[in-house]
Structure formats: C-alpha cells, structure tokens
Amino acid sequence: MAGTGAFLRRLDPDMCVVTAAAGGERAGCLVGFASQCSIRPVRFVVWLSKVNHTFRVARAADVLAVHLLAREQRPLAELFGGRTGDRVDKFARVRWRPAHGGAVVLQDAQAWFVGRVAERADGGDHVGFVLEPVEWGGREAAGGPLLRLADTRTITPGHPVD
Ligand SMILES: Cc1cc2nc3c(=O)[nH]c(=O)nc-3n(C[C@H](O)[C@H](O)[C@H](O)COP(=O)(O)O)c2cc1C
C-alpha cells in the first residue's frame, strides 16, 4: 500500500547487531526492527526474520546479545547485514568474547547488553524476541552518533528475504 510505504520510509531507527549462540553454532545479523518494550521490568524486543540463519540459532538460545554501533562502523554492519552465516563465519572476522549464558559479545560495539529470552511473539515474517537484560557494557565515553537505518539502506541483505 503506497501510504504505508510513505510512512515507513520516514522511520530512521538506530540499528543493532543481534547475536545468538546455541548447539555449538554462533550467529548474528543486522537488525532495524528493535525497541524497548517495557519499563518495569526493563525489556527490549528484537525482531528476527524467520529465514535468517540468526533466527534458526536464536530459536534454541536462552540469551541473545544486542549491540549498538557507531555511524563509522558501517563495515561491521555490512558484514552482519550483507552476509549470511549460512555461507560465511562472521565471527572469524570480528573481535568477540563469550558472555553470560554463552552469549557472544562483539568487543567493538559502542554499547551492548545480553538479555534472557522472556517471550517470543510471532509478528508475521519476523519473530519478536523479548529480552530481559542480565549483563551489559560498552564504552564509558558518551560517544558520537550511532549507526542508523539511513546509513545502512544501501546494504543488500545477506539472506534472501523470501
Ligand atoms: C538495513 C537493514 C535492516 C535489516 N533489519 C533486519 C531486522 O530487523 N531483522 C532481521 O532479522 N534481519 C534484518 N536485516 C537482514 C539481515 O541482517 C541480513 O539478511 C543478514 O545477512 C542475515 O544474516 P544471517 O543469515 O547470518 O542471519 C536487515 C538488513 C539490512 C541491510
């Protein structure tokens, strides 16, 4: 519907990279569908496409990690958004460390948290993973602008959409 497109094109959310680990596999992808969804308790929801490698690993994970990137970290966004874990090992190309519950934390992120999966919600072709933060970190300094959707629109998703 044309009206919906006009609405959606006005949105410019901060982007994040969501990682998951389960069954000896690591996964992660660039995510634009994400927001805080509760104040008490603090909860945050990330929406993962059912076709993504990350979704298949996340389904079996108890925790996920969510990372914010700086605007100049577009190469990291290209790796996580423009390549699929079905074909490449993204984690061979980045600095990462294990965290709470076996989560995978990207060490160059500006800010991150590990969240316990409290709920899942079927949103259509994406599933919402409602997360309760259990560990968090990042850079102490306030930092510059974060990477947003407008900075990443020209990245072709690494996993076919259908
Ligand atoms: C600008 C942009 C926004 C995206 N937003 C999401 C999103 O919200 N949720 C999602 O699951 N995938 C999203 N993707 C797609 C995945 O990041 C992409 O297909 C990735 O290569 C999947 O990797 P994987 O198969 O290793 O999980 C987005 C991609 C781009 C370029």
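All figures in this text were calculated on a predicted structure; none of them were measured in a lab. Residue numbers start at 1 and run along the sequence shown. In each ligand, atom 1 is the first atom listed, and ligand 1 is the first ligand listed.
A salt bridge links Asp12 and Arg148; the closest N-O separation between the charged side-chain nitrogens and carboxylate oxygens is under 4.0 Å.
Pairs engaging residues 76-85 under the salt bridge (charged side-chain N to carboxylate O under 4.0 Å, His left out) rule: Arg74-Glu78 [sequence neighbours left out].
Contact annotation: the side chain of Val88 approaches that of Arg93 to within less than 4.5 Å [non-hydrogen atoms, C-beta and beyond]. Residues Val117 and Leu131 have side chains in contact (heavy-atom distance under 4.5 Å, counting atoms from C-beta outward).
Using a heavy-atom distance under 4.0 Å as the criterion, the protein contacts of ligand 1 are Met15, Gly28, Cys29, Leu30, Val31, Gly32, Phe33, Trp47, Leu48, Ser49, Asn52, His53, Thr54, Phe80, Gly81, Arg83, Thr84, Gly85, Lys90, His126, Leu149, Thr152, Ile155, Pro157, Gly158, His159.
Annotation: side-chain contact (heavy atoms from CB on, under 4.5 Å) contacts of Leu146 (sequence neighbours excluded): Asp14, Leu68, Gln110. Here His126 pairs with Phe33, Trp47, Ser49 under the side-chain contact (heavy atoms from CB on, under 4.5 Å) rule; sequence neighbours left out.
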